[in-house]
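Notes for the one structure printed next.
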Amino acid sequence: METLLLVLAILCGAAGIVGCVLPALLGPPIAWFGLLLVQWAIHPFSITLLVVTAAISILILLFDFYLPVWTARRFGATKQGIRGSIIGMVLGIFFTPLGMIAGLIAGSIIGDLIAGQNVSQATKSASGTFLGTLLTIGVKLIWCSILFWFIISRIFSAAFPSFSIFG
């Protein structure tokens, strides 16, 4: 059972990293669940670490939902432009990752043009949406990589007790 939990923990960590790019997967919570699986299997983490990492994962998840909208608004996006970017990104999932980026930008521009903005304004707001999305992807990738490192390093430390990664 322990081995199954540890394999699932590694898969959750990897899925968390993939989830940083795919909007259908919530990367940080999935990666954090990998930490929880390690906890259940070999009990290496303190409760404080689990609570703090859970809180950070939730904050990053909220950040992921609000930062692209905030940057889009700062760059002049309309509601239609924001909706268009979401629709474009979802449609672009089938052509990941370039399709998602192209869909995000095209959807934002089309939505803003429908809302009555000129091409220059629509392009500016699309760049804000794109910037916000890139920032959230970067933050999620960094965080999920940290969580994945915790998972792998604790499993490695449990397998080879004489070699301690944490000093």
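Numbers here simply count residues along the sequence, with the first being 1.
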Taking all non-hydrogen atoms of both residues into account, name the closest pair between [X] and [Y] and its distance.
X: Ala126; Y: Ile105; answer: CB-O, 4.0 Å
X: Arg73; Y: Ala77; answer: NH1-O, 3.7 Å
X: Ile42; Y: Ile155; answer: CD1-CA, 4.3 Å
X: Ile82; Y: Ala72; answer: CG1-CB, 4.1 Å

Treating [X] as the side-chain partner and [Y] as the backbone partner, does any N or O pair qualify as donor plus acceptor under 3.5 Å?
X: Thr123; Y: Val119; value: yes
X: Ser125; Y: Phe75; value: no
X: Gln117; Y: Gly76; value: yes
X: Asp112; Y: Thr78; value: yes

Is there side-chain contact between [X] and [Y], with at least one heavy-atom pair below 4.5 Å?
X: Thr53; Y: Phe45; answer: no
X: Cys12; Y: Ile151; answer: no
X: Leu36; Y: Phe33; answer: yes

Side chain to side chain contact (heavy atoms under 4.5 Å, CB included), that's the test. Do Thr133 and Phe130 meet it? Break it down for me.
CA-CA 5 Å; Thr133 301; Phe130 178 67; 5.6 Å; no
